[in-house]
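A quick write-up on the structure given underneath.
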Amino acid sequence: MFFNDTEILIKKLNGDLNIFKLNDKILYEYIKSDTKEVYKKEIINGEYSFVDVHMNIDKDNNVYGILNDKKGKLLNIKIEDGIYMDTLIKYDCKNFLIKFPYIKKFSKESHIFYYLINKQNPTISNLIHINRGENFFKKNIVDYIPYNTMSIISNFEVIWDKDIPILFYFKNVDEVEELFVSILNKNFNEWYKPFQITNSKKRKIYLSVIKDVRGYYNIVFAEENEGKYHCQYIKGFLDYNKFEILELTHIKTELMCLFPHLINNKNELYIQWGEYNNLYTCKSFDLGATWSKPKINNQQGDKFLKRYIYKSNNIEERNYIVNSIFTDKEDIDMLDYKIKDSL
């Protein structure tokens, strides 16, 4: 059976797994690949989901993250021989909400992103970027994001060109979501004016973006079409102040498209999404120029499939570009999961 709740899974170079289970608390599990030994510890108690926490891993295998405690603090998380947390930023939780905190650390600086929502005017949020180092702190508003009463706040996606962030996100235009992109001007630590990619005048949700092996941006999301949300695919590249679309494909099935995402392995590209109890996959062997018909991965419906935000330093998966997966929970518990098993 397919469930649309989400957990975070990080695989280290040696195959050890870091799992962050999100529900009535955030539970951290560490599974050693050689001994199968399991270590568990509660990080924080309370109702939390993937809109409240982001975890990452650097090239040296250090696991870290950011957590909105919902009590006025964004917390820095470090996973070493234990769990360490300290305050990164304080905010006014009586008047503001924070959604989708994100952090990326480099050797001399870190980047933090999040939506900041005024409780008195929840139809507008600010998309915030903070760049901080030992001797500097710079806070920018990347964009103002209006909503209508029917909108759901969707995630943004951060793609990196070395140490320069490129931000993809939805923004309401004439009462519907359209896709925008903005790039940080590293010389001045300010953001270029955002520009619009789509103009379909249709509602959108569930954004996923990867940069493939040839440097093209591959984008999927669910778009409303005749009362149903179907998977929409875009491939393109950035050219100065515009996004050039090379491919645009509408992938239609009968039911609601939930959490579409992309997986790239060499010249192969995969789109996966959930539709209630089923997991669907489309394949492209020419990096998005043509697509196969959608295939149901779990026709028997007897597997407990779960969505994971996924990051891996494992050498066996070095050719894969991916940001989330669906897989059988038992494969994770038994240390048997490999990306190719999801395809």
Side-chain angles (χ1 to χ4, degrees), residues 6 8-11 50 54-59 100 102-104 111 113 154-170 179-184 197-198 204-223 231-239 243-251 257-274 279-292 294 307-314 316-327 338-343:
T6 299
I8 301 170
L9 176 62
I10 295 176
K11 184 183 286 188
F50 66 98
H54 175 261
M55 301 301 302
N56 216 328
I57 185 169
D58 66 20
K59 61 182 178 60
F100 294 105
Y102 171 100
I103 189 168
K104 174 78 169 178
H111 294 263
F113 296 87
S154 285
N155 63 297
F156 52 82
E157 290 276 37
V158 187
I159 304 296
W160 292 91
D161 183 1
K162 298 180 181 178
D163 61 346
I164 298 174
I166 301 166
L167 197 59
F168 293 82
Y169 57 94
F170 293 134
L179 182 62
F180 283 73
V181 64
S182 187
I183 305 168
L184 179 67
I197 296 175
T198 65
K204 301 170 184 65
I205 195 171
Y206 305 135
L207 178 63
S208 179
V209 184
I210 64 171
K211 192 175 183 179
D212 67 29
V213 291
R214 296 185 182 177
Y216 293 110
Y217 297 95
N218 295 264
I219 305 165
V220 289
F221 48 84
E223 184 172 77
C231 184
Q232 188 77 19
Y233 167 76
I234 295 174
K235 175 181 178 177
F237 63 93
L238 288 166
D239 182 21
F243 186 89
E244 293 286 352
I245 295 178
L246 300 175
E247 304 288 347
L248 180 63
T249 304
H250 176 71
I251 300 172
C257 170
L258 297 171
F259 297 111
H261 66 253
L262 291 145
I263 299 174
N264 174 218
N265 178 30
K266 299 180 181 178
N267 286 328
E268 299 174 6
L269 196 61
Y270 302 83
I271 301 175
Q272 291 190 318
W273 67 93
L279 173 63
Y280 287 81
T281 299
C282 270
K283 300 178 182 180
S284 173
F285 296 103
D286 49 19
L287 287 177
T290 58
W291 290 94
S292 69
R307 177 177 179 258
Y308 292 88
I309 297 170
Y310 187 66
K311 300 179 185 298
S312 176
N313 275 1
N314 189 252
E316 294 181 2
E317 298 177 339
R318 64 186 181 277
N319 291 325
Y320 287 91
I321 301 171
V322 60
N323 52 25
S324 62
I325 57 165
F326 294 110
T327 192
K338 297 178 178 59
I339 294 176
K340 65 180 182 180
D341 298 335
S342 294
L343 304 176

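Every heavy atom of this structure was used, including side-chain atoms; hydrogens, water molecules and symmetry mates were not.
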Is there a side-chain contact between [X] and [Y] (heavy atoms, below 4.5 Å)?
{"X": "Lys11", "Y": "Tyr310", "answer": "yes"}
{"X": "Tyr270", "Y": "Val322", "answer": "no"}
{"X": "Trp273", "Y": "Ile251", "answer": "yes"}

Review point. To the nearest 0.5 Å, how far apart are CG in Leu248 and OH in Tyr233?
Key: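 Leu248 atom CG to Tyr233 atom OH measures 10.0 Å (nearest 0.5 Å).
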Point to revise | Residues Asp212 and Asn218: side-chain donor-acceptor under 3.5 angstrom | key: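 Yes, because at least one side-chain N or O of Asp212 sits under 3.5 Å from a partner of the opposite role on Asn218.
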Check your understanding: For residues Asn267 and Arg214, is any side-chain donor paired with an opposing acceptor at under 3.5 Å?
Key ->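 A pair is found: one side chain offers a donor N or O, the other an acceptor, under 3.5 Å apart.
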Review point. Trp160 and His111: ring pair (Phe, Tyr, Trp, His ring centres under 6.0 Å), yes or no, with the steps?
Key: CA-CA 11 Å; Trp160 292 91; His111 294 263; 5.1 Å; yes
Exercise for review: Indicate the atoms forming the closest heavy-atom contact of Leu258 with Phe326, along with that distance.
Suggested key: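 So the two residues come closest at O-CZ, 4.2 Å.
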**Study point:** Among Lys311, His261, Glu157, side chain to side chain donor-acceptor pair (under 3.5 Å) partner for Asn323
**Key:**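 Exactly one option meets the side chain to side chain donor-acceptor pair (under 3.5 Å) with Asn323, and it is Glu157.
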Check your understanding: If you count the non-hydrogen atoms of other residues, nucleotides and ligands that lie under 6.0 Å from OH in Tyr216, is the total more than 12?
Key ->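 Counting neighbours around OH of Tyr216, 12 or fewer heavy atoms of other residues, nucleotides or ligands fall under 6.0 Å, so no.
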Practice item. Go through Leu287 and Asn264 one step at a time and tell me if the side chain to side chain contact (heavy atoms under 4.5 Å, CB included) criterion holds. Key: CA-CA 8 Å; Leu287 287 177; Asn264 174 218; 3.5 Å; yes
Check your understanding: Can you check whether Lys283's main-chain N or O pairs, donor with acceptor, with Ser292's side chain at less than 3.5 Å?
Key ->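 Yes, Ser292 side chain to Lys283 backbone: donor-acceptor pair under 3.5 Å.
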**Study point:** Main-chain N/O of Ile205 paired with Ser154 side-chain donor or acceptor, under 3.5 Å
**Key:**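 Side chain of Ser154 to backbone of Ile205, a donor-acceptor pair under 3.5 Å: no, none is there.
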Check your understanding: What's the verdict on side chain to side chain contact (heavy atoms under 4.5 Å, CB included) for Ser284 and Glu268, showing C-alpha distance, side-chain angles and the deciding distance?
Key -> CA-CA 6 Å; Ser284 173; Glu268 299 174 6; over 6 Å; no
Review point. So which of Phe156, Phe180, Phe221, Tyr217 actually passes ring pair (Phe, Tyr, Trp, His ring centres under 6.0 Å) with Phe168?
Key: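 Testing each of Phe156, Phe180, Phe221, Tyr217 against Phe168, the sole residue satisfying ring pair (Phe, Tyr, Trp, His ring centres under 6.0 Å) is Tyr217.
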Exercise for review: Report the residue from Ile263, Asn265, Val213, Leu262 that forms a side-chain contact (heavy atoms from CB on, under 4.5 Å) with Ile321.
Suggested key: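 Output: one option passes, namely Val213.
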